[in-house]
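Single-structure report; data block below.
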Amino acid sequence: MVMALRKRVMRILNENKWRYLGILVLIFLGSYTFIVAAGLAQNLANLVTTFTEEHRQEDLSFRADQVIPDREGLEEAAGAVIEEYLSFDAALSGTLTLRLLSATERLNTPAVIEGRALSGPEEILLDPAFAKANGYPVGSQIEAAGKTFTVAGYMSLPHYIYPLKNVNDILTSPQEFGVGVITREAFAGLVDAERIYAARFNDRTGSLNRQARELREHLRAEGITVSDWIDIMNNRRARLVWASITGMKTMSVPLPVAMFLISCLIIAIMFWRVIRRDAVIIGTLYAQGYRRRELTRHYMTIPLLLALAGGVIGSLLALPSIAPMVMGMVSYYNVPVPGVTINFLNVLAGILTPVLFLGLSSCLVIRTELRRSPAELMRGDRQKTKVNALERALKLERFRFSTKFKLREQFRSIPRLLFLFFGITSASVLMLFGFTAMNSMNRVFEASDVYQFEYEYSFQDLQFGAAPEGAEAFNAGKFYPENNEEMEFYIAGIEPDSRLITLKDLKGNPLPNNQTNITKPLADRMGIKAGDTVTFINKEDGKPYTFKIDAVAASYVEQFIYLPRAEFNAKMGLAENSYRGLFSTKKLAILGEKLSGFKDMSALPGAIDEFMGQLGSVVVMMTVVASVVALIIIYLVTSLLIEESRNTISLFKVFGYKRREIRSLILNSSTLVIVAGFIIGIPLAVASMGAVYGYLGKMINLVLPPVVNPLYVVIAFIVIMLTYQLSKALCAKSVERVAMSEALKAGTE
Amino acid sequence: MLIEVSGLKKSYTTGTVKTEVLKGVDLKLGKGEIGVILGPSGSGKSTLMNIIGGVDRADSGRVTVDGTEVTRLSDEELTEYRRAEIGFVFQFYNLIPNLTVGENIEVVANISKSPLNIGAVLQAVEMQEKKDRFPRELSGGEQQRIAIARAIVKNPKLLLGDEPTGALDYQTSRSILRLLQQVNKEFGTTILLITHNTAIAAMANRVFKLRSGKIVEEWVNQEVVPAERIEW
């Protein structure tokens with residue numbers, strides 16, 4: 001390129017520095033988000049896969065009513081590794097529980113992440129979140145189950161990556177629950193310790209369900225009754241981390257791509273304008289012998305420079321952010337981090353994608369313009385007077401002049417209009433996405449008003465007779481649909497006059513418990529409605545059972561079908577007065593060894609507060625990013641609009657329009673588009689959230705409703721409008737700067 | 001007198017070079033009259049018109065329009081002055097390309113206290129049929145007619161025309177001049193035109209010859225010629 005033309009590049013950038021800075025930030029945000037999200041997802045996936053493979057994560061666990069007599073024989077028959085371990089919940093205080101697990105050697109082996117391995121029965125390895133929350137540094141001592149242990153180190157366990165107290169919980173709370181590993185000898189004297197079996201199949205590619213069913217049959221043949229059978233696919237302690245990774249992967253592509261596309265579109269539009277405005281100069285250079293490729297190269301310098309600079313800055317800032325973000329995510333889970341790897345292919349993609357996107361689109365625009373003859377270019381009047389078909393079709397007679405003018409200003413450039421519209425919609429979706437997440441989680445926890453009990457007890461063996469005072473008996477089994485073995489849910493028989501399970505229909509009216517009710521998420525997932533007759537397979541005996549659904553209940557946390565206990569027992573061929581668990585409003589005196597599970601609902605609020613706190617900061621971050629994106633987009637469009645309306649603004653001044661009248665006509669012309677973009681953003685946010693939740697729901701067996709609270713919609717709207725006001729304030733000076741002489745001299749140059 | 005200009009001076013400084021554009025201009029134009037300022041390029045006619053129209057400021061001297069001393073008005077007062085009293089017609093029409101003919105006229109009607117009926121104005125400039133067209137769909141002469149309609153819709157005391165026929169062919173120019181004369185008669189609007197076309201002087205009541213920032217000749221036309229009879 002000729003030197004003189006090269007000098008122009010910096011001058012053009014300098015003339016509209018804020019505009020180009022805005023574009024640079026958009027590209028930078030896209031590149032940064034992509035590299036960080038992809039790096040985070042890849043690292044987490046690698047860390048989790050390596051950890052679960054090297055430390056041999058179980059495929060399932062269960063409790064047995066007796067010690068398996070011929071474990072080796074069973075292992076051979078079932079094609080699995082089976083290892084027994086002990087578990088004991090030690091109450092450290094009224095609210096703090098430490099689950100002691102015996103160290104294993106073949107499955108779920110602990111990974112020491114700080115300190116050293118156990119060397120004797122007086123030592124313990126702790127889960128780091130628990131140790132940190134409760135002040136147990138390595139080398140300190142901890143009293144648990146009447147014994148004193150020295151903290152030898154911190155560890156991660158492949159079946160407690162997300163250390164939930166109960167497998168059906170949603171949230172962890174290290175202030176209330178943690179896990180520790182001690183030697184098997186240290187369990188001496190702990191008579192209430194539970195014996196749990198973990199199994200891992202040798203065939204890693206075969207159906208887990210089939211192999212599990214076969215193992216179960218072998219156990220039954222040996223006369224062993226099992227309970228608390230938990231597949232790894234339905235174990236949130238192990239699966240929740242995968243939901244996060246999948247979520248991250250899902251988001252790592254569309255969000256940056258959307259930003260790239262927006263940047264690409266605006267740069268294309270802007271350069272189209274710049275070139276049109278430069279038509280006379282281009283025509284003159286063209287006429288004097290400049291080649292098309294020289295001019296193309298000149299006009300592509302700025303988009304390529306911006307794309308490269310944005311991509312490089314984004315990558316440079318993203319690289320050091322990956323490790324702390326991985327650590328931040330991992331601190332939420334319990335996974336050892338031997339190191340964080342950086343994939344340079346991602347970095348390359350982060351830099352080259354904007355270059356490719358913007359290079360191509362700009363090239364297309366420039367080549368299209370340069371197809372015109374030098375004479376035509378030198379006339380330079382095409383842009384000034386052209387009226388598009390939509391402008392022509394608009395019938396605006398009945399509107400006030402200001403409305404007509406604003407509408408015409410917007411419809412003057414369809415790409416500019418689309419850019420503003422989709423830009424605002426994207427920013428609104430991003431913002432509403434965050435708020436919806438918070439709403440949905442809130443709703444999930446609010447919806448737990450279904451459960452009026454404080455404690456839930458699950459027995460190892462079937463119980464008979466009446467429930468203790470203040471408690472209600474229930475029976476439950478795991479089922480799956482005939483055609484989908486991977487799905488799992490509970491069908492529970494409860495008291496027909498239960499006061500501890502209070503279901504409501506979708507309108508909020510109470511539902512009786514003397515009928516068969518299905519919770520809405522489960523009904524939605526399987527396409528079941530009231531009045532349907534459905535057949536499910538019992539996971540325990542593999543037999544089909546048919547149920548007639550009477551109503552759909554508005555519950556979110558769990559996926560359940562509730563029916564009267566007597567009916568459930570009759571169907572399953574169990575004694576009429578039998579039950580496997582109790583719901584209770586007060587603590588019951590039940591011996592620990594009889595129980596296979598115990599849930600304390602009061603442990604939930606603390607965990608919810610902690611989780612909502614974390615979610616809140618994510619929402620704030622998303623709102624800030626969305627606001628920045630919205631601000632840049634509105635600013636870019638408004639400054640473009642001012643640029644293209646300079647003559648009109650100048651004329652208005654000559655005609656005697658006052659400052660505020662001009663500002664109102666020019667700067668407020670985008671209001672309608674912004675409001676429309678925001679409104680369209682609402683259903684889009686709900687739909688995209690629904691899709692993401694649906695996906696996550698399958699991963700962790702939890703359905704989150706995409707809920708939009710009107711208050712948050714109003715807040716999001718206010719944020720968008722404030723952003724709009726800010727960008728108008730930033731652009732107001734540009735309107736002021738347009739001189740009357742521009743109109744007076746128009747056409748004379 | 002509607003316009004009284006006395007001792008008007010204006011200079012521009014570019015870098016270290018100071019150019020005196022107006023060197024003490026005196027001029028008077030009566031209510032309802034047509035005035036023509038003749039002069040070659042660079043004589044200062046546009047600057048003079050801009051100061052009278054309130055879009056530029058003088059260095060010294062006085063401009064009074066219908067009793068208002070324009071040279072003493074603040075920026076806000078100048079806006080009000082242009083809004084209420086002045087109509088502008090430009091050489092290159094300056095219509096807003098994405099507004100229809102009707103809407104272009106509305107641009108001015110919208111800020112006027114008692115605008116004329118847009119339909120009546122369009123009828124006066126014989127453009128009623130083209131109300132919904134866009135400027136691009138009109139010829140140069142038609143565009144200038146719309147520009148005149150836009151200027152007169154507020155019923156201004158003074159209509160200023162900067163080379164209103166400068167971009168038009170002979171026949172079209174004559175029809176535009178005829179229109180201006182008709183507006184002057186029909187609405188009683190005082191008109192001040194600047195041009196380098198000496199033939200146009202024949203349709204004016206008063207003629208001012210400007211050269212190098214000074215009025216070098218000034219005369220009153222005893223016999224105003226109808227525009228259709230002007231030839232050049």
Side-chain angles (χ1 to χ4, degrees), chain A residues 381-397 399-414 416 641 644-662 664-666 669 736 739-749, chain B residues 12 41 46-47 49-50 53-57 75-88 90-100 102-112 115 118 131-138 140 143 147 150-151 153-154 156 160 162-163 166-167:
Chain A
D381 57 353
R382 197 161 119 167
Q383 183 59 24
K384 277 185 183 168
T385 55
K386 204 178 167 189
V387 178
N388 65 48
L390 200 60
E391 287 180 274
R392 216 179 288 273
L394 284 176
K395 297 282 174 250
L396 304 171
E397 285 83 8
F399 294 110
R400 280 167 40 220
F401 172 74
S402 59
T403 313
K404 277 188 222 180
F405 181 82
K406 287 171 189 169
L407 283 172
R408 290 223 182 267
E409 276 298 288
Q410 289 303 314
F411 284 103
R412 192 168 171 189
S413 164
I414 303 298
R416 186 183 70 196
L641 203 134
E644 290 173 13
S645 306
R646 291 187 76 87
N647 199 53
T648 307
I649 295 169
S650 175
L651 263 183
F652 280 151
K653 288 186 178 178
V654 170
F655 290 151
Y657 272 77
K658 292 172 185 162
R659 277 182 199 168
R660 62 178 164 74
E661 288 170 335
I662 299 174
S664 161
L665 283 170
I666 301 290
S669 69
E736 301 287 308
M740 283 188 274
S741 58
E742 291 195 26
L744 299 173
K745 286 177 189 165
T748 58
E749 287 158 302
Chain B
Y12 293 106
S41 292
S46 289
T47 306
M49 201 186 79
N50 288 347
V55 293
D56 203 351
R57 287 185 173 279
D75 283 351
E76 280 71 29
E77 286 166 336
L78 276 178
T79 304
E80 283 297 332
Y81 163 72
R82 293 195 303 273
R83 190 180 176 107
E85 323 278 4
I86 310 294
F88 283 95
F90 307 95
Q91 181 179 359
F92 290 96
Y93 336 122
N94 263 343
L95 297 178
I96 300 174
N98 62 321
L99 296 184
T100 62
E103 289 162 358
N104 261 288
I105 297 169
E106 256 187 272
V107 167
V108 172
N110 181 47
I111 52 165
S112 306
I118 292 175
K131 191 181 173 218
D132 295 322
R133 297 277 181 88
F134 286 93
R136 197 170 194 245
E137 297 158 347
L138 305 176
Q143 288 194 51
R150 180 178 64 183
V153 73
K154 68 161 92 160
L160 298 172
D162 185 354
E163 299 275 13

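Chain letters run A, B, ... following the sequence lines, proteins first and then strands; every chain starts at 1. Nothing here was measured: the structure is a model prediction, and the numbers come from that model.
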Greatest number of heavy atom pairs closer than 4.5 Å to chain A - which of B:Arg82, B:Glu163, B:Glu137:
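With the most close heavy-atom pairs to chain A, the winner is B:Arg82.
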Could you walk me through whether A:Leu651 and B:Arg150 pass the side-chain contact (heavy atoms from CB on, under 4.5 Å) check?
CA-CA 12 Å; A:Leu651 263 183; B:Arg150 180 178 64 183; 3.9 Å; yes
Could you grab the distance from atom [atom1] of [X] to atom [atom2] of [Y], nearest 0.5 Å is fine?
| X | Y | atom1 | atom2 | answer |
| --- | --- | --- | --- | --- |
| A:Ser650 | B:Asn94 | OG | CG | 7.5 Å |
| A:Met740 | B:Thr79 | CE | OG1 | 6.5 Å |
| A:Phe405 | B:Asn110 | CZ | CG | 10.5 Å |
| A:Phe655 | B:Arg83 | CZ | CZ | 13.0 Å |

Using side-chain contact (heavy atoms from CB on, under 4.5 Å), reason through A:Phe652 and B:Ile111 one step at a time and then give a plain yes or no.
CA-CA 10 Å; A:Phe652 280 151; B:Ile111 52 165; over 6 Å; no
Counting only non-hydrogen atoms closer than 4.5 Å, does [X] touch chain B with its backbone (N, CA, C, O), its side chain (CB onward), both, or neither?
| X | result |
| --- | --- |
| A:Leu394 | neither |
| A:Arg392 | both |
| A:Glu409 | both |
| A:Phe411 | neither |

Ring pair (Phe, Tyr, Trp, His ring centres under 6.0 Å) involving B:Phe134 - partner list, sequence neighbours excluded:
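Residues passing ring pair (Phe, Tyr, Trp, His ring centres under 6.0 Å) with B:Phe134: none at all.
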Looking only at heavy atoms, which two atoms of A:Arg408 and B:Asn98 are closest? And how far apart?
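Looking at all heavy atoms of both residues, the shortest contact is CD-O, 2.7 Å.
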Derivation of the side-chain contact (heavy atoms from CB on, under 4.5 Å) call for B:Asp162 and A:Leu744
CA-CA 9 Å; B:Asp162 185 354; A:Leu744 299 173; 5.9 Å; no
Is [X] in contact with chain A via its backbone, its side chain, both, or neither, using a 4.5 Å heavy-atom distance?
| X | answer |
| --- | --- |
| B:Arg133 | neither |
| B:Leu99 | both |
| B:Asp132 | side chain |

Could you go through the side-chain contact (heavy atoms from CB on, under 4.5 Å) check for A:Arg659 and B:Glu76 one step at a time?
CA-CA 9 Å; A:Arg659 277 182 199 168; B:Glu76 280 71 29; 4.2 Å; yes
